[in-house]
Amino acid sequence: MSRRPNFNRLAHFIATVEAGTITGAAQVLGISKAVVSKQLQLLEEDVGTPLLLRNTRHLQPTEAGRIFYEDAKSAQTQANNAYERILDRDKTPKGKLRVTAPVDFGVSYVAPFVAQFQEVYPDVGVDLHLTDGVIDIIEDRYDLAFRIGWLSDSSNLARKLMDFNVIVVCSPQTAKRLNVKEPRDLASVPFVRSEAFPEKMEWVLEKGKQREVLTTQVVSTMNMTLAMRAYVAKGFCYTVLPDFLMQDDVKQGRLTRLLSEWSLRSGGVYTVTPPSHVRSNALERFLDLAHQKIKPR
């Protein structure tokens, strides 16, 4: 019958690896060197293999020790996070959140929501950065990103906020000049591409059992929806963008929707957070309320 593992010994092992000496580990843990040394000896007996190489000055983990350290450290971190989350659950959210979102969506949806959120939780500061460029939320140290479109494989944690449809739009003058009836009518018309969408993305339109691939002649690539809207409103060209970002322009006659009887692929708006990030009480409340309050108009 195998002995039940003593998980308290993991803390002694982790502290020793990180400190490099038993003396250093004892100081970190606030116990005697003898206790640390004994617990390390018992841990190696538990796992049945040497975990540390010892000399007079320093300790180095063996190959098995390095593997064991990584797993033990991960387990320790998850356990600490579990304690922090449960202890933090009923506390009033405080601190600061760093949030990023695409420009149009951020102006129309996220900024008003942040104002509502801070009325409820005034002790939470929110730094909101708007950009249509794709940024690395881990490298740039963001707590949360709003993403629009189709997410690529990632270790980040994503949760769908809403669905949307993609529509084809141009200026009213361009629409009159073209008289578009079928997707093939746009084959030679200049196309403005959003940098947020993949460069070689295939735009497939469907109407009943009909299916056509839109052949695009890209004349300009832009990283901001605001710029694309201004360009398309004045130029002889068209673009493809999410319907919820274009609906006001279409309603007010600044832009015209083409091929309204045809449908393009649907997409999603997501909240994305780093994979190993400890979600503070403030971030949990922000996420929960965002998914309740932010809806398509």
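All values below come from the heavy atoms of this structure, side chains included, with hydrogens, waters and symmetry mates left out.
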Compile the donor-acceptor pairs under 3.5 Å between side chains in residues 182-190 and protein atoms, sequence neighbours left out, one pair per line.
residue: Arg184; atom: NH2; partner: Glu212; partner atom: OE2; Å: 2.9
residue: Asp185; atom: OD2; partner: Lys181; partner atom: N; Å: 2.8
residue: Asp185; atom: OD2; partner: Glu182; partner atom: N; Å: 2.9

Step through the shown structure and confirm whether more than 12 heavy atoms of other residues, nucleotides or ligands are within 6.0 Å of [atom1] on [X].
X: Lys160; atom1: NZ; value: yes
X: Phe236; atom1: CZ; value: yes
X: Lys207; atom1: NZ; value: yes

| message | Test of understanding: with side-chain contact (heavy atoms from CB on, under 4.5 Å), list the residues that count as partners of Val28, not counting sequence neighbours. | response |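 Applying side-chain contact (heavy atoms from CB on, under 4.5 Å) to Val28 gives none.
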| query | If we ignore angles and hydrogens, is there a donor and acceptor under 3.5 Å between the side chains of Thr77 and Ser74? | reply |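 No, no side-chain donor-acceptor pair sits under 3.5 Å.
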| task | Indicate whether any N or O donor in one side chain lies under 3.5 Å from an N or O acceptor in the other, for Arg285 and Tyr121. | result |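 Yes, Tyr121 and Arg285 have a side-chain donor paired with an acceptor closer than 3.5 Å.
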| said: Salt bridge check, Glu18 against Lys73: does any charged N sit closer than 4.0 Å to a carboxylate O? | reply: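 Yes, Lys73 and Glu18 are salt-bridged.
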| task | In plain terms, say whether Asp104 and Arg229 are close enough for a salt bridge, that is, a side-chain N and a carboxylate O under 4.0 Å apart. | result |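 A salt bridge is present here (some side-chain N lies under 4.0 Å from a carboxylate O).
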Output yes when a side-chain donor or acceptor of [X] lies under 3.5 Å from a complementary backbone atom of [Y], and no otherwise.
X: Glu206; Y: Ser263; result: no
X: Thr174; Y: Cys170; result: no
X: Thr225; Y: Asp132; result: no
X: Asp249; Y: Leu255; result: no

| message | Checking Glu195 now: which residues fulfil salt bridge (Lys or Arg N to Asp or Glu O under 4.0 Å) with it, not counting sequence neighbours? | response |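 Not a single residue meets the salt bridge (Lys or Arg N to Asp or Glu O under 4.0 Å) criterion with Glu195.
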| query | Looking at Phe68 versus Phe13, is the centre-to-centre ring distance below 6.0 Å? | reply |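 For Phe68 and Phe13, the ring centres are under 6.0 Å apart.
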| Any chain of hydrophobic side-chain contacts (each under 4.5 Å) joining Val169 to Val204? |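 Different clusters.
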| query | Partners of Tyr69 by ring-ring contact (aromatic ring centres under 6.0 Å, His included), sequence neighbours excluded? | reply |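 Tyr69 satisfies ring-ring contact (aromatic ring centres under 6.0 Å, His included) with no other residue.
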| request: Establish, for the pair Arg98 and Tyr142, whether the NZ or CZ atom is under 6.0 angstrom from the six-membered ring centre and no further than 45 degrees off its axis. | output: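 Relative to the ring axis of Tyr142, which defines the angle, Arg98 lies inside both limits.
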Could you pull out every donor-acceptor pair under 3.5 Å between side chains of residues 29-40 and any protein atom, sequence neighbours left out?
residue: Ser32; atom: OG; partner: Val35; partner atom: N; Å: 3.2
residue: Gln39; atom: OE1; partner: Arg9; partner atom: NE; Å: 2.9

| Close side-chain approach of Met222 and Met224, heavy atoms under 4.5 Å |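 Answer no - side chains too far apart.
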| query | Considering only heavy atoms from C-beta outward, does the side chain of Leu283 approach that of Leu97 to under 4.5 Å? | reply |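 They are in side-chain contact.
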| request: Name the orientation class of the two ring planes belonging to Phe105 and Tyr109 (parallel below 30°, tilted from 30 to 60°, perpendicular beyond 60°). | output: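 Parallel: the ring planes of Phe105 and Tyr109 meet at under 30°.
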| said: Using 30° and 60° as the class boundaries, would you call the ring planes of Tyr238 and Phe191 parallel, tilted or perpendicular? | reply: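 Rings of Tyr238 and Phe191: tilted, as their planes differ by 30° to 60°.
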| Excluding sequence neighbours, so at least two apart, what forms side-chain hydrogen bond (donor to acceptor under 3.5 Å, both in side chains) with Gln41? |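 Only Glu45 meet the side-chain hydrogen bond (donor to acceptor under 3.5 Å, both in side chains) criterion with Gln41.
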